[in-house]
Peer 1: 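Let me give you the structure first, and then I'll get to my questions.
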Protein chains: 2
Amino acid sequence: MSRAPRGAARARLIEAARRLVRLKGFAAATVDEICAEAGVTKGAFFHHFASKEALGVALVQDWSAMTGAMFAAHPYNALPDPLDRVFAYIDLRRDLLDQPLPEITCVAGTTVQEVYAQSAAITAAAQESLQSGAAHVLGHLREALAAHPVAGVTAEGLARQFQVAVQGGIILAKGAGDAAPAREALDHLERYLRLLFGR
Amino acid sequence: MSRAPRGAARARLIEAARRLVRLKGFAAATVDEICAEAGVTKGAFFHHFASKEALGVALVQDWSAMTGAMFAAHPYNALPDPLDRVFAYIDLRRDLLDQPLPEITCVAGTTVQEVYAQSAAITAAAQESLQSGAAHVLGHLREALAAHPVAGVTAEGLARQFQVAVQGGIILAKGAGDAAPAREALDHLERYLRLLFGR
DNA sequence: TCAAACATACCAACTGGTCGGTATTTTTTC
DNA sequence: GAAAAAATACCGACCAGTTGGTATGTTTGA
């Protein structure tokens with residue numbers, strides 16, 4: 001148990017919270033536990049965060065930034081055809097499912113389930129995260145719909161359906177104890193899009 | 001605060017747990033709180049349930065039975081055409097979304113998010129509940145696919161996608177503070193089915 | 001009259017949070 | 001550019017209230 005370098009406590013606390021929240025949810029992840037996992041004392045915790053709720057907000061915001069950077073940096077964004085980008089994004093999300101259940105868990109999705117009626121601040125952060133998650137495909141979908149309009153379908157609504165498939169897939173995966181249903185959810189989403197766009 | 005009639009404690013505890021778990025999740029719903037909400041003492045709680053986990057199992061099982069009975073009793077099951085039944089089921093689920101967020105929350109879905117790595121017993125009950133939820137449309141989908149086969153699509157997989165749309169929709173709804181995204185998720189599911197079956 | 005259905009009182013462990021203190025930077029002042 | 005001052009980062013003991021759970025009653029219906 002080597003002591004962590006000075007200045008790293010905040011980041012370590014968020015990382016630890018991410019691991020624990022994905023494993024057991026926000027309420028069940030206690031402050032003491034998070035501190036122990038981060039190798040930091042409670043003094044440090046409440047130096048960086050005014051409350052457990054404040055940590056929750058920071059955790060979800062960090063999650064948003066982390067996943068956002070990851071998707072933005074991915075090479076699939078360079079494909080010329082927008083619909084190719086959409087399908088490549090689905091492939092990417094499918095690849096991400098080759099991990100243990102805690103690691104495929106969405107921090108924003110799990111957390112908002114628990115706190116939507118408890119903490120407006122965390123809920124707002126989660127909403128932002130879910131929206132920014134949908135925003136990754138939004139541009140591609142807009143282009144694709146511009147080239148091939150579909151009656152009654154908006155890019156925003158379709159982008160939200162990506163989140164629906166991802167979040168719903170995670171729940172089924174947790175029930176089954178296996179990521180397979182989450183993969184299947186993406187398969188159906190892809191089939192839906194191919195039918196919509198005639199591919 | 002009139003005292004509840006004798007023999008009703010167990011049922012009242014499950015009802016209270018259902019309300020509280022839907023509102024704040026399983027971990028955050030404490031035993032004391034559940035007892036207070038049920039108008040019952042802790043002695044009664046631990047008379048009927050060996051532990052909080054045992055209550056969780058009973059809660060999810062009760063949820064399964066409750067929703068199961070509700071869907072089974074619905075008139076839509078009498079429609080002659082299987083695909084009509086499928087679309088009527090979607091309509092029904094859409095109607096159910098005209099309620100406050102806690103009431104549109106799925107007990108099995110929320111709970112499994114928290115406990116999948118904590119309690120095998122509750123997870124198993126939740127899996128059973130999610131499966132039996134999918135089973136409501138399974139029969140109709142089987143018939144519909146028998147009359148109109150679709151390459152690469154199974155009735156089981158399609159039934160699971162219903163759960164994906166429902167569960168994913170709930171998460172987006174909680175983030176948005178409004179049921180609209182959940183309704184939209186069902187709209188997309190319906191459009192998908194119409195494309196698959198050529199309606 | 002006896003077991004089941006509750007109530008009451010209690011407990012050890014843990015909960016989020018506070019507080020006084022110390023080590024380390026950074027900023028200011030001359 | 002060094003000493004002094006002021007933040008900042010972190011520690012760990014402590015606190016009041018709460019947690020799930022227990023042990024021991026009392027009531028009630030068959």
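Chain A is the first sequence line, chain B the second, and so forth, proteins listed ahead of strands; every chain is numbered from 1.
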Peer 1: Is there a donor-acceptor pair under 3.5 Å between the side chain of A/E114 and the backbone N or O of A/F26?
Peer 2: yes
Peer 1: So what does A/A8 touch, heavy atoms closer than 4.0 Å: a base, only the sugar-phosphate, or nothing?
Peer 2: sugar-phosphate
Peer 1: Which whole-number value in Å describes the distance from A/D32 CG to D/dC11 P?
Peer 2: 14 Å
Peer 1: Taking the minimum atom-to-atom distance to the side chain of A/A44, which one of D/dC10, D/dT19, C/dT15 wins?
Peer 2: D/dC10
Peer 1: Provide, to the nearest angstrom, the distance between the CD atom belonging to A/E33 and the C1' atom belonging to C/dG17.
Peer 2: 17 Å
Peer 1: Apply side chain to side chain donor-acceptor pair (under 3.5 Å) to B/S64 and B/S132, showing your working.
Peer 2: CA-CA 7 Å; B/S64 222; B/S132 86; 3.3 Å; yes
Peer 1: Checking B/R93 against B/Y89: is there a side-chain donor and acceptor pair closer than 3.5 Å?
Peer 2: yes
Peer 1: Looking at DNA chain C, which of residues 46-54 of chain A put a heavy atom within less than 4.0 Å of it?
Peer 2: A/F46, A/S51, A/K52
Peer 1: Any ion pair linking B/R199 and B/D81 (charged N to carboxylate O, less than 4.0 Å)?
Peer 2: yes
Peer 1: Below 4.0 angstrom, N of the basic side chain to O of the carboxylate: do B/R85 and B/D91 qualify?
Peer 2: no
Peer 1: Rounded to the Å, how far apart are A/Q118 CD and C/dG16 P?
Peer 2: 14 Å
Peer 1: From the options D/dG20, C/dT15, D/dC11, select the nucleotide whose nearest atom is closest to the side chain of B/K42.
Peer 2: D/dG20
Peer 1: So what does A/T41 touch, heavy atoms closer than 4.0 Å: a base, only the sugar-phosphate, or nothing?
Peer 2: base
Peer 1: Measure from CZ on A/F45 to C1' on D/dA13 and round the result to the nearest Å.
Peer 2: 18 Å
Peer 1: Let me know the distance between CD1 of B/I34 and P of D/dG21, rounded to the nearest Å.
Peer 2: 11 Å
Peer 1: Does the distance from a Lys or Arg side-chain N to an Asp or Glu carboxylate O, for B/R22 and B/E103, drop under 4.0 Å?
Peer 2: no
